[in-house]
Amino acid sequence: MQLKLSRLAVAVVLASVSLSAVAQQQTATKESNIERKSIMPTLEVIRVVGEAAPVLLEQTGTVVVIDRQQIEQIQPLSTEDVLRRIAGINVASEEETSIVSNFGMRGLSASESKSLVLEDGVPVAPGLFIGNDRYYNPRIQRVEQVEILKGSSSLRYGPSTIGGVVNYQTKTPDDGVKLSGRAGSFDLREVNVEAGGKSVSGDAFAGVVATHATSDGFMDKGYEMTDVMAKAGVVFSDSHKLGIKASRHENDANISYRGLLLADYQNGAKYNPAPDDYYLTDRTAIDLNHEWTLSSQATLKTLLYWSELTRDYWRYDVNTAASNAAGRWVYADTLTGNNRSFDRVGIETRLTLEHNLFGSAASSEFGLRFMQEEANDTRIRAVRGSDRTGVNDRHIVDSADSVAAYAQSRIELTKRFAVTPGLRVESYEQKRLVLSDNNATAKTSNTEFLPGVGATYDLNQSAQLYGGVYRAFSPASNGVALDGLTDQQLDGERSTNFELGIRGKQGAVSYEVAAFAMDFSNQVVTGNSDPNLSQSNAGKTEHRGMEFMFGYALGAGFSLDTNATWVPTSEFKTGSNQGNRLPYAPKIIANVALSYQLEQLTAALSAHHRGEQYGDASNREDIPANAAGGIWGGLIPSYTVLDLTAQYKLADNISVSGSVKNLTDKRYIAGLRQGIYVGPERAFELGVRYSF
C-alpha cells in the first residue's frame, strides 16, 4: 500500500495537541504494586474492575463478558462456538472452525456484516469501508476474554455497529510455560504454547502464544493453521506505559462456497462437494499502545495499528448440465483465483477525564481516529494443469481514507441515576482504480453524524433499569458505492436503535431482560452471487425483539444458565420484498447449560436451539434440487444440538479435558449458499494442559 504520510502526520500532530492541552494536569502518583497485566496498555472496550468483572452499572446497553474459565469449559474450536451461546447472536457456520466470520445480531442477517469485530480494540475485518470484511476471523486459541456490547454502549466504536460490537481480548502470557494439545474426530491435532516472563522489578514483561492445528475436517474440509502472537510491555516511568503486540496467521483450508445438492443431502452424503477448491489466507499485524497517566483524573491512551492480509480463493468452474444429470457438482478443468490483499494503517487516541459537570460527578471520553485502507483485487484464470497461475483479466485497487471523532460523558445526576449522552462523527472518502480498464477511476465521500443517549437507574441493590437510543450506520462498500465506476450516491446504511432493559442479581439468581428495536431507513442486504446483484437496496426494514437471560446456582456444585432471543419482527417495509422476513434471522434462538463444578472436576451439558430461518429475501420455502446459479433460497429447518464437556485437574499444573460435540449426532442444515452447508456431525475430542 502506498502510504499517505500527510494523513499520518496530521494524526500525530492532533494527538500531540491533545497531549499538550492537558499536560499541565500531570500529577500522576507512583503505582505501588504493578501487576504484569496492567503493564500492557490497551484501549478498553469494556472497563473492568479486578480481573474480569465488567462495570455493568456504567453500561447503558446489554453487555456480556465470557472469561477464560468459561471459554475453557466450552472447549471451542472457533470464536463462533462461543458466540452462538450468547443471547441475541445467530451464527451461520460454513465449517466447524469458522475460518470466515458469519454471525448476525438481534435479527440482522447472519450473512451480512453489520456488527463490528475487534481484537484488543483494533478492527480485524480486512476492509471496513472497502468491503470484504468477513475474510479474517481471530483464532479462539489466542483469546482470553470475549466482550459483547449491544445498544447504546457501542456508540464509542465504529463503523458498522448497528447490531453491536464484539471484542476479542487476547491472552497476556503468565510467567512460565503452558503446553496444551488436543486430538479428536476428523484427525484433529492441535498444539498450543504459552510462554511468558517479567523483569525482577515487575515493570516489564514479554510473552508469546502459538498454535498449530491440522485436521481432515468434517466432510473432508481439511485445514492447516498456524497462529503466533507475541506481546511485550514496559513501564517507563510513573506516568508512561508502552505495549506492543505482533501476530502472524496462516491457514490453508479446503473449503468453498459450494455445498451439497438437495438429493445428496437427503441421502446423508458426507463428502466435500468442492474437493479441489482452496481458501488460502495469511495475515500479519502490529499494534502499538501508549498510555499516559496525566493525573489521577486524566488518562490519554494512543493506539497505532497496521495489518496486511492476503486471501487467495481458487474455485473450479462447474458444468451445470452434467451436475444436474449426476445429482452432484461436476467440475470443469478451468478455475478462477479471486485473489485479494488488504492493507490497513490507523491511529486512535482517547482522553478520559473524571470531573464535575454542573455540580455532578462525570466521566468523559474524547476520541479521534484516522485510518487508511487499501485492497488489491485480481482475478486469475487458470487450468487444472497449472492451477495456481494464469491470466489476470481483472485488476482493481480500492482504497478509503476515514476520520472519526467522538465525545461521550457519563453524568451521575444522583447516586442512583446516571445519563450518558454522546456523539460520533464518521467521515470517509472511497476511491476505485481499475488497472485492467485503462486505469479508469471513480470516487465518492460521505459523512455521518451519530448521536446517542443512554441512562441507568438503580431500583435497588439487586435491580437496575437501563436503556438508550442511538444512531448507527454501516458504510456502503466500494464495490457497491462505485459500481460501474460511477458514484452511486449511496448513503451508508442507517438505523435508529432503541433498547430498554432490567438486570440484577439476588442471592443465587441472576437475570436480565432487554427489549430492542432497530429501524433502518436504508438497509442493504445480500441479493445474489452475480456481481451485478451482490447487494440490493432493501429500503426500510424493521426489527423488534427481546432477550432473556437467567442464571441460578442450584447448589451442591450445580448451576443453570439459560438465555433466549425472540425476534418476532425482522421485516422488509418497502421494496419488492415488502412484508417478507429478512434472511438468516430466526424468530427463536435459545441456550441452556447445566454445569457442575466440585473440587477438581468441571463438567457441562449444553443445548443450543436455532429456529427456522429463510435463506434469501424472497422467502421461498423449497430448496433448489438442481445445480442452479446464485445463492440458494429455501426455508432452513430448526434444530437443537447438545454438547457434553468435562475437565479434570490432576494436579496444580496438569489437567485433562474431553468433549462430545453434537452428542445426539443431529444432522442439520447450517446454511445455504451455492448448495447446502451441513452442520458438523458428532465429534469427540481429548485434551491435556501442562504448565511449568
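Quantities reported herein were computed from a predicted structural model and do not represent experimental measurements.
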Would you say [X]'s side chain and [Y]'s backbone share a donor-acceptor pair under 3.5 angstrom?
X: Asp665; Y: Arg682; result: yes
X: Arg610; Y: Val91; result: yes
X: Asn497; Y: Ala472; result: no
X: Asp264; Y: Ala269; result: no
X: Asp458; Y: Asn460; result: no
X: Ser595; Y: Ser559; result: no
X: Thr211; Y: Asp227; result: no
X: Asn90; Y: Pro586; result: no
X: Ser570; Y: Gly107; result: yes
X: Thr456; Y: Thr60; result: no

Please report the interatomic distance [atom1]([X]) to [atom2]([Y]), rounded to the nearest 0.5 Å.
X: Arg156; Y: Thr420; atom1: CZ; atom2: OG1; answer: 11.0 Å
X: Arg139; Y: Thr170; atom1: CZ; atom2: OG1; answer: 15.0 Å
X: Ile148; Y: Ser154; atom1: CD1; atom2: OG; answer: 12.5 Å
X: Ser98; Y: Ile140; atom1: OG; atom2: CD1; answer: 10.0 Å
X: Tyr552; Y: Asp561; atom1: OH; atom2: CG; answer: 13.0 Å
X: Ser215; Y: Leu77; atom1: OG; atom2: CG; answer: 8.0 Å

side-chain hydrogen bond (donor to acceptor under 3.5 Å, both in side chains) between Tyr466 and Thr62: does it pass, once the steps are laid out?
CA-CA 9 Å; Tyr466 65 91; Thr62 305; 3.1 Å; yes
Neighbour count above 12 (heavy atom, 6.0 Å) for Gln578 CD:
yes
Quick check: are there more than 12 heavy atoms from other residues, nucleotides or ligands sitting under 6.0 Å from NZ of Lys171?
yes
Quick one: are [X] and [Y] in side-chain contact, heavy atoms under 4.5 Å?
X: Ile99; Y: Asn137; value: no
X: Pro637; Y: Ile669; value: yes
X: Ile74; Y: Thr645; value: no
X: Glu621; Y: Tyr614; value: yes
X: Pro126; Y: Arg311; value: no
X: Met105; Y: Leu83; value: no
X: Gln145; Y: Gln70; value: no
X: His608; Y: Tyr639; value: yes

Side chain to side chain contact (heavy atoms under 4.5 Å, CB included), that's the test. Do Asp616 and Trp632 meet it? Break it down for me.
CA-CA 7 Å; Asp616 70 350; Trp632 259 233; over 6 Å; no
Run Glu542 and Lys540 through salt bridge (charged side-chain N to carboxylate O under 4.0 Å, His left out) and show every step you take.
CA-CA 7 Å; Glu542 183 180 275; Lys540 295 182 179 180; over 6 Å; no
Evaluation steps, ring pair (Phe, Tyr, Trp, His ring centres under 6.0 Å), between Tyr313 and Tyr279:
CA-CA 5 Å; Tyr313 192 10; Tyr279 189 97; 5.2 Å; yes
Evaluate Thr161 against Arg424 for side chain to side chain contact (heavy atoms under 4.5 Å, CB included), listing each step before the verdict.
CA-CA 12 Å; Thr161 59; Arg424 184 176 185 87; over 6 Å; no
Would you name the heavy atoms of [X] and [Y] that are closest together and state the gap between them?
X: Arg503; Y: Gly61; result: NH1-O, 3.1 Å
X: Pro138; Y: Tyr168; result: CG-CD1, 3.8 Å
X: Val567; Y: Arg581; result: O-NH2, 2.6 Å
X: Tyr511; Y: Ser462; result: OH-O, 3.0 Å
X: Tyr157; Y: Leu118; result: CD2-CD1, 3.6 Å
X: Pro568; Y: Lys587; result: O-CE, 4.1 Å

Qualifying residue, where the test is salt bridge (Lys or Arg N to Asp or Glu O under 4.0 Å) with Glu499 and the options are Arg106, Lys150, Arg544
Arg106
If the condition is ring pair (Phe, Tyr, Trp, His ring centres under 6.0 Å), which residues does Tyr265 pass it with, not counting sequence neighbours?
none
Stepwise, does the side chain to side chain contact (heavy atoms under 4.5 Å, CB included) test hold for Asn563 with Val64?
CA-CA 12 Å; Asn563 65 64; Val64 178; over 6 Å; no
According to side-chain hydrogen bond (donor to acceptor under 3.5 Å, both in side chains), who are the partners of Arg471, at least two apart in sequence or on a separate chain?
Thr496
Just jot down the side-chain hydrogen bond (donor to acceptor under 3.5 Å, both in side chains) partners of Tyr406, sequence neighbours excluded, or say none.
Arg350, Glu365
Verify side-chain hydrogen bond (donor to acceptor under 3.5 Å, both in side chains) between Tyr668 and Asn662, making sure each step is shown before the conclusion.
CA-CA 11 Å; Tyr668 62 95; Asn662 193 357; 5.3 Å; no
Verify whether the ring centers belonging to Phe520 and His543 lie closer than 6.0 Å.
yes
Chi angles and distances behind the side-chain hydrogen bond (donor to acceptor under 3.5 Å, both in side chains) call for Glu190, Gln141
CA-CA 10 Å; Glu190 180 183 298; Gln141 292 86 350; 3.0 Å; yes
Is Glu80 paired with Arg84 through a side-chain N to carboxylate O contact shorter than 4.0 Å?
no
Evaluate the criterion side chain to side chain contact (heavy atoms under 4.5 Å, CB included) for residue pair Leu188 and Glu685; output intermediate values, then yes/no.
CA-CA 8 Å; Leu188 168 68; Glu685 295 167 16; 4.1 Å; yes
